[in-house]
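Have a look at the structure below before the remarks.
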Amino acid sequence: MDAKRLSIADKLLAWYDAHRRDLPWRAPPGVAADPYRVWLSEVMLQQTTVATVRPRFEAWVARWPDFASLAAAEDADVMAAWAGLGYYARARNLVAAAKAVAADHGGAFPRTEAALRTLPGLGAYTAAAVAAIAFGERAVVVDANVERVVSRLFAIARPLPASRSAIRAAADGITPDERAGDFAQAMMDLGSAICTPKLPRCLLCPLQPDCRAQAQGEPDRYPVKAAKKAKPHRYGTIFWVERPFLSIVAPLRVHPSPVRAELVEAQELGAPPATHPSTSSGRTELVDRAVRGAREVLLVRRPPKGLLGGMRALPTGPWADEPPGLAKAPVATDWTMHNATVEHGFTHFDLTLALAVANGDGHHPDGEWWPLDRLDEAGLPTLFAKAARALRRDE
DNA sequence: AATTCGTGGAC
DNA sequence: TGTCCAAGAAT
């Protein structure tokens, strides 16, 4: 058999049949994929590693197994479930897309790349990937793996992102009419296991004879990338306001926390309170919490768009080029500056946070008093989880 | 076209 | 230790 007669797609698909990864969102060979799982996994995997996604995907589908259940979910629950995964617009768009499917498509998920592309959170890559993997449509699927593999195969020297159109054209040229979904996943498995960014394993590569970069001797020179900008450093303050779980009742009627509201209401009605969403045993636990002097911390909901948009959070002041101190503190009170600071790196800037601590009570706009011993259930982005950890450690 | 969106792991 | 990077999208 003349290897030259086999197309790149043929060789890659043969390699895939022998070496494909077993992933929870992948149907076994010959079995139709579940579009919901394909879509969810593709969104989770945007700029996120398989190792990070795998357990989060399992937990997610156990809680929301299909489009209908997700469309009916509470926004706060969905955002909390996404906490720690980053790029939180993905979670907002996930719910919006699930609702759009229910409202505009009669509950049926679109099956073509063009129709998928109209859903929020489905861009060029994800629409093509879902169309190919879930529905068998021939679509040109270009992610960072494909960019790397293709730029090496054809030794595309122009730097990214200017080379995108050439890479796409080259990917189109090797995408088969049949098994386009397997081909896309094969490219990604190859990029993950063989055609890696550094130290590619060319000796194991089924496409080695076809690879111009390998022939040139320095495959890891591709893809060439434009120089990146320097990251600015910014400063901010996190405000930690704490109060006893149950002190006095008077202010609570006006500005109750969910837990307190239920307790007060139950006292008025002479009935047991409903179980708080974050508790499991109703009045017993509420009373126990009060008796043992449990404490609560003030949380807020960040604005729906922008950095950490829509997420539950600790109150913060502005980000600035210099430490902003107590600017925009949520309450006028005596603050104690904590010794340690929290360092956090975002994609486009690094942040140093000071920690201001105070005792407080009463009303805060959009505020929510949260039981300290259940803070892990609040769904805080990593930045705030770090701050809570730093304060906890020192108590 | 260039920015703005998180986070954790590999090296 | 800092740098790079990951199944990108929206604006």
Side-chain angles (χ1 to χ4, degrees), chain A residues 21 23-26 37-57 79 82-94 96-97 116-134 139-149 159-165 168 171 181-193 195-199 220 223 225-234 302-311 313 319 343-351 379-386:
Chain A
R21 284 178 287 180
L23 298 171
W25 46 88
R26 257 180 202 176
R37 292 178 151 247
V38 172
W39 165 63
L40 175 64
S41 68
E42 290 301 341
V43 173
M44 280 192 172
L45 287 161
Q46 289 167 6
Q47 300 291 285
T48 309
T49 59
V50 167
T52 298
V53 166
R54 191 193 294 260
R56 305 295 296 259
F57 175 87
M79 299 312 288
W82 199 270
L85 277 174
Y87 288 146
Y88 297 102
R90 292 185 291 174
R92 298 195 300 272
N93 287 333
L94 220 45
L116 288 161
R117 186 70 178 75
T118 67
L119 291 172
L122 280 89
Y125 163 75
T126 305
V130 172
I133 297 169
V140 182
V141 180
V142 183
D143 75 321
N145 289 295
V146 174
E147 286 181 348
R148 187 169 60 254
V149 172
L160 285 167
S163 56
R164 287 256 152 80
S165 61
R168 179 176 188 77
D182 283 348
F183 178 77
Q185 295 179 89
M187 290 288 272
M188 298 191 250
D189 279 12
L190 189 79
S192 168
C195 197
T196 48
K198 295 169 187 172
L199 300 177
D220 60 337
K225 294 187 178 180
K228 39 186 68 111
K229 289 178 27 176
K231 267 193 204 183
H233 198 112
R234 295 192 176 130
R302 291 182 62 85
K305 292 186 173 184
L307 189 73
L308 309 175
M311 296 300 287
W319 311 148
E343 302 291 337
H344 192 72
F346 291 107
T347 305
H348 50 301
F349 67 97
D350 291 316
L351 191 57
L380 295 179
T382 299
L383 165 63
F384 302 111
K386 278 186 191 174

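Labels below follow one simple rule: chain letters A, B, ... track the order of the sequence lines, proteins then strands, and each chain is numbered from 1. This structure is a prediction, so every number in the text was calculated from the model and none was measured.
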Is a donor on one side and an acceptor on the other found under 3.5 Å between the side chain of A:Trp39 and the backbone of A:Val43?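 Between the backbone of A:Val43 and the side chain of A:Trp39 there is no qualifying donor-acceptor contact (under 3.5 Å).
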
Rounded off to whole Å, could you give me the [atom1]-to-[atom2] distance for the [X] and [N] pair?
X        : N      : atom1 : atom2 : value
A:Met44  : B:dG6  : CE    : P     : 16 Å
A:Leu45  : C:dA6  : CG    : P     : 13 Å
A:Leu199 : B:dC11 : CG    : P     : 9 Å
A:Lys198 : C:dA6  : NZ    : P     : 10 Å
A:Lys229 : C:dC4  : NZ    : C1'   : 18 Å
A:Arg92  : C:dA10 : CZ    : C1'   : 10 Å

Calculate, to the nearest 0.5 Å, the distance between atoms OG1 and OH belonging to A:Thr48 and A:Tyr87 respectively.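 The OG1 atom of A:Thr48 sits 8.0 Å away from the OH atom of A:Tyr87.
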
Touch class at under 4.0 angstrom, heavy-atom based, for [X] against every strand present:
X        : answer
A:Trp25  : base
A:Leu23  : base
A:Leu85  : base
A:Gly345 : base
A:Pro161 : nothing
A:Ala129 : nothing
A:Arg164 : nothing
A:Gly84  : sugar-phosphate
A:Ala184 : nothing

Roughly how many Å apart are [M] and [N], using the [atom1] atom of each and rounding to a whole number?
N     : M      : atom1 : answer
B:dG6 : C:dC4  : C1'   : 15 Å
B:dA1 : C:dA9  : C1'   : 15 Å
C:dA7 : B:dC11 : P     : 14 Å

Anything under 30° is parallel, anything over 60° is perpendicular, the rest tilted; go ahead and classify A:Phe346 against A:His348.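 Plane angle between 30° and 60°, so tilted.
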
Where does the angle between the aromatic ring planes of A:Phe349 and A:Trp319 fall among parallel (under 30°), tilted (30 to 60°) and perpendicular (over 60°)?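 Rings of A:Phe349 and A:Trp319: tilted, as their planes differ by 30° to 60°.
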
Between the side-chain atoms of [X] and the base atoms of [N], is any donor-acceptor pair under 3.5 Å?
X        : N     : result
A:Arg37  : C:dA7 : no
A:Thr48  : B:dG6 : yes
A:Tyr125 : C:dG8 : no

I'd like to know if the side chain of A:Asn145 pairs up with that of A:Arg148 as donor and acceptor (distance under 3.5 Å, no hydrogens or angles considered).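 Yes - a donor-acceptor pair under 3.5 Å links their side chains.
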
Would you say A:Tyr125 and A:Glu42 are linked by a side-chain donor-acceptor pair, where the criterion is simply a distance under 3.5 Å?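 There is such a pair between these side chains.
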
Side-chain N or O of [X] less than 4.0 angstrom from OP1 or OP2 on [N]?
X        : N     : result
A:Thr126 : C:dA7 : no
A:His348 : B:dT4 : no
A:Lys231 : C:dG2 : no
A:Gln47  : C:dA6 : no
A:Ser192 : C:dA7 : no
A:His344 : B:dG6 : no
A:Tyr88  : B:dT7 : yes

For A:Lys231, is the NZ atom crowded, meaning more than 12 foreign heavy atoms sit under 6.0 Å from it?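 Yes - once you tally the heavy atoms of other residues, nucleotides and ligands closer than 6.0 Å, there are more than 12.
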
[options]: which one has an atom nearest the side-chain heavy atoms of [X]?
X        : options              : value
A:Arg90  : B:dG6, C:dC4, B:dT7  : B:dG6
A:Thr52  : C:dT11, B:dG8, B:dT7 : B:dG8
A:Thr347 : B:dG6, C:dC5, C:dA6  : B:dG6
A:Asp143 : B:dT3, B:dT7, C:dG8  : C:dG8

Between A:Arg26 and A:Asp189, is there a side-chain N and carboxylate O pair less than 4.0 Å apart?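 Salt bridge present between A:Arg26 and A:Asp189.
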
Between A:Arg148 and A:Gln46, which residue's closest nucleotide on DNA chain C lies nearer the 5′ terminus?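 So the residue in question is A:Arg148.
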
Nearest-nucleotide comparison on DNA chain C, the residue closer to the 5′ end among A:Lys305 and A:Lys228: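 Whichever sits nearer the 5' end wins; that is A:Lys228.
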
